[in-house]
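Order of the sequence lines fixes the chain letters, A, B, ..., with proteins taken first and strands second; residue numbering starts at 1 for each chain.
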2 protein chains.
Amino acid sequence: METRYKKSRQREKMLELLRATESHPSADWIYERLKKDFKNLSMGTVYRNLGILIDQGFVRKIDFGSTFDRFDANVTRHYHFVCEKCGAISDVEMPFDDALNRKAGRVGNFEVRSHRIEFFGVCRKCGK
Amino acid sequence: METRYKKSRQREKMLELLRATESHPSADWIYERLKKDFKNLSMGTVYRNLGILIDQGFVRKIDFGSTFDRFDANVTRHYHFVCEKCGAISDVEMPFDDALNRKAGRVGNFEVRSHRIEFFGVCRKCGK
DNA sequence: AGCTATAATGATAATCATTCCGAGTATTGA
DNA sequence: TCAATACTCGGAATGATTATCATTATAGCT
Ligand SMILES: [Mn+2]
Ligand SMILES: [Mn+2]
Ligand SMILES: [Zn+2]
Ligand SMILES: [Zn+2]
């Protein structure tokens with residue numbers, strides 16, 4: 001019952017775009033860029049392929065800090081910083097704390113498998 | 001130019017509901033409960049008052065782990081656990097790490113003002 | 001208690017991101 | 001070359017949230 005993916009030029013270009021940026025772009029950003037290569041591109045194609053790339057483990061979805069989702073081709077475990085003024089998201093070069101899951105699990109009625117940390121504040125550009 | 005709020009029975013009851021639960025409810029949950037007391041209640045009223053309660057510092061918005069927002073009348077700084085199976089959100093009884101903001105700020109081009117941690121896994125109930 | 005100013009309400013329309021659908025197209029493997 | 005089926009575009013549908021507006025409730029006066 002498992003789905004076998006066929007390759008698509010749209011999806012290949014999408015991954016290429018995502019890997020070339022640090023900006024954690026939105027679906028709309030990707031759509032606008034990709035439209036330069038595929039003038040009849042559809043939004044549905046962008047979302048469908050984002051879903052596939054996530055399923056393949058090449059991309060992660062970022063669903064905080066905004067009203068719309070953003071996407072990240074850096075699939076190593078890392079934390080994020082969100083600028084409260086301009087909305088920019090950047091990676092935080094800080095060691096990932098593996099021990100944290102155990103610490104949280106010890107105090108609660110649940111089995112912790114992963115965690116996420118988001119820092120909020122003002123980026124260099126907005127801080128002037 | 002500042003807005004002065006008048007009290008409303010709907011908003012008072014909403015805060016009461018939110019303070020009486022640990023479940024981090026959605027706007028819809030609040031709407032259904034509140035409708036028992038106000039049979040002509042409108043969804044707009046729920047959202048408007050949630051906004052006001054947030055503005056007043058009595059409520060926090062939780063915008064991760066789901067397609068819809070959830071709300072928390074526990075405004076002390078604390079971390080959350082999200083069950084990946086049933087979507088339940090619970091507080092994590094773990095000391096808040098004040099030093100973390102500084103640690104993150106040291107490595108990046110930004111001024112960190114706050115942070116958030118979400119743990120993901122399986123809750124006791126879903127874990128069987 | 002009346003009067004005035006204005007915040008809050010409920011009904012409904014609008015918005016926005018995302019998902020779904022269906023008829024035609026591209027990719028794959030034999 | 002051919003059949004199977006994943007992928008495409010375009011548009012419609014969905015779902016959460018926000019905006020609008022005529023009416024109502026609240027608060028501070030006199
Ligand atoms: Mn990242
Ligand atoms: Mn909480
Ligand atoms: Zn900024
Ligand atoms: Zn659960």
Side-chain angles (χ1 to χ4, degrees), chain A residues 1-18 23-56 58-72 82 87 89, chain B residues 1-18 23-56 58-72 82 87 89:
Chain A
M1 198 82 60
E2 58 210 62
T3 321
R4 293 163 54 109
Y5 296 119
K6 294 179 176 173
K7 76 173 176 182
S8 93
R9 264 162 311 113
Q10 287 88 337
R11 189 159 67 239
E12 279 169 353
K13 186 69 183 174
M14 272 179 65
L15 185 52
E16 194 181 305
L17 277 175
L18 279 164
S23 67
H24 304 84
S26 64
D28 201 64
W29 184 97
I30 295 164
Y31 174 75
E32 292 302 335
R33 297 293 172 114
L34 210 60
K35 205 157 60 174
K36 289 165 184 163
D37 292 288
F38 304 91
K39 84 173 177 55
N40 290 321
L41 182 67
S42 157
M43 222 21 176
T45 298
V46 172
Y47 278 107
R48 182 171 8 83
N49 282 322
L50 281 169
I52 292 172
L53 290 170
I54 289 169
D55 184 56
Q56 295 174 326
F58 295 135
V59 168
R60 293 246 177 87
K61 186 192 284 192
I62 293 177
D63 62 350
F64 56 80
S66 175
T67 164
F68 48 83
D69 291 340
R70 299 173 66 164
F71 300 89
D72 193 351
V82 183
I89 297 181
Chain B
M1 200 79 65
E2 58 211 62
T3 322
R4 294 161 54 112
Y5 296 120
K6 295 178 177 175
K7 75 172 178 184
S8 93
R9 262 160 316 113
Q10 287 86 339
R11 188 159 67 240
E12 280 169 353
K13 186 67 183 177
M14 272 180 66
L15 185 52
E16 193 182 305
L17 277 175
L18 279 163
S23 67
H24 304 83
S26 64
D28 202 63
W29 184 97
I30 295 165
Y31 175 75
E32 292 302 336
R33 295 294 172 116
L34 211 60
K35 205 156 60 174
K36 289 165 185 164
D37 291 288
F38 304 91
K39 84 174 178 52
N40 290 321
L41 183 67
S42 158
M43 225 14 180
T45 297
V46 172
Y47 278 108
R48 181 170 10 81
N49 283 322
L50 281 169
I52 292 172
L53 290 171
I54 288 167
D55 184 55
Q56 294 174 325
F58 296 134
V59 168
R60 293 244 177 86
K61 186 193 281 191
I62 293 177
D63 63 348
F64 56 80
S66 174
T67 164
F68 48 84
D69 291 339
R70 299 173 65 165
F71 301 88
D72 193 350
V82 184
I89 297 180

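Taking atom CD1 on A:Ile52 and atom C1' on D:dA6, their separation rounds to 8 Å, with Å as the unit. In this structure, CD1 of B:Ile30 is placed 14 Å from C1' of D:dT17, rounded to the nearest angstrom. The CG-C1' distance, from A:Asn49 to C:dT19, rounds to 14 Å in whole Å. Taking atom CG on A:Asp63 and atom C1' on D:dA16, their separation rounds to 15 Å, with Å as the unit. Atoms NZ (B:Lys39) and P (C:dG10) sit 11 Å apart, rounded to a whole Å. Here D:dC9 presents its P atom at 12 Å from NZ of A:Lys35, a figure rounded to the nearest Å. In this structure, the CZ atom of A:Phe38 is 12 Å from the C1' atom of D:dC7, given to the nearest Å. As a whole-Å value, the separation of A:Leu50 CG from D:dC7 P is 14 Å.
Ranking D:dT8, D:dC7, C:dA17 by closeness to the A:Thr45 side chain, first place goes to D:dT8. Picking from D:dC7, C:dT9, C:dT18 the nucleotide with the shortest atom distance to the side chain of B:Arg48 gives C:dT9. Taking the side chain of B:Ser42 as heavy atoms from C-beta on, and the options D:dC9, C:dA8, C:dG10, the nearest nucleotide is C:dG10. For A:Thr67, counting side-chain heavy atoms from C-beta on, the closest listed nucleotide (C:dA7, C:dA17, D:dC7) is C:dA17. The nucleotide whose nearest atom lies closest to any side-chain atom of A:Arg9 is, among D:dT5, C:dA26, D:dA16, C:dA26. In the set C:dT9, C:dG29, D:dC9, D:dC9 carries the atom at the smallest distance from any side-chain atom of A:Asn40.
Here A:Ser8 lies in heavy-atom contact (under 4.0 Å) with sugar-phosphate atoms only. Across all strands, A:Asp69 comes closer than 4.0 Å only to sugar-phosphate atoms, never to a base (heavy-atom distances). Among the atoms of the strands shown, base atoms are found under 4.0 Å from some heavy atom of A:Tyr47.
Between B:Glu12 and B:Arg9, no side-chain nitrogen of the basic residue sits less than 4.0 Å from a carboxylate oxygen of the acidic one, so the salt-bridge criterion is not met. A salt bridge links B:Lys61 with B:Asp69; the closest basic N to acidic carboxylate O contact falls under 4.0 Å.
Residues B:Met43 and B:Lys7 each lie close to DNA chain D; by heavy-atom proximity, the contact nearer the 5' end of the strand is made by B:Met43. Nearer the 5' end of DNA chain D, as judged by each residue's closest nucleotide, is the contact made by A:Val46, out of A:Val46 and B:Lys6.
A:Arg4 has no side-chain polar atom (N or O) that falls below the 4.0 Å cut-off from OP1 or OP2 of D:dT5. Within the 4.0 Å cut-off from OP1 or OP2 of D:dT8, at least one side-chain nitrogen or oxygen of A:Gln10 is found.
Relative to the ring axis of A:Phe58, A:Arg11 does not place its NZ or CZ within 45° and under 6.0 Å from the centre. With B:Phe64 as the aromatic partner, B:Arg70 does not meet the cation-pi criteria of under 6.0 angstrom to the ring centre and within 45 degrees of the ring axis.
Here CZ of A:Phe68 is found 8.5 Å from CG of A:Asp28. Values are rounded to the nearest 0.5 Å.
Judged purely by atom type and a 3.5 angstrom limit, B:Asn49 uses its side chain to pair as donor or acceptor with the backbone of B:Thr45.
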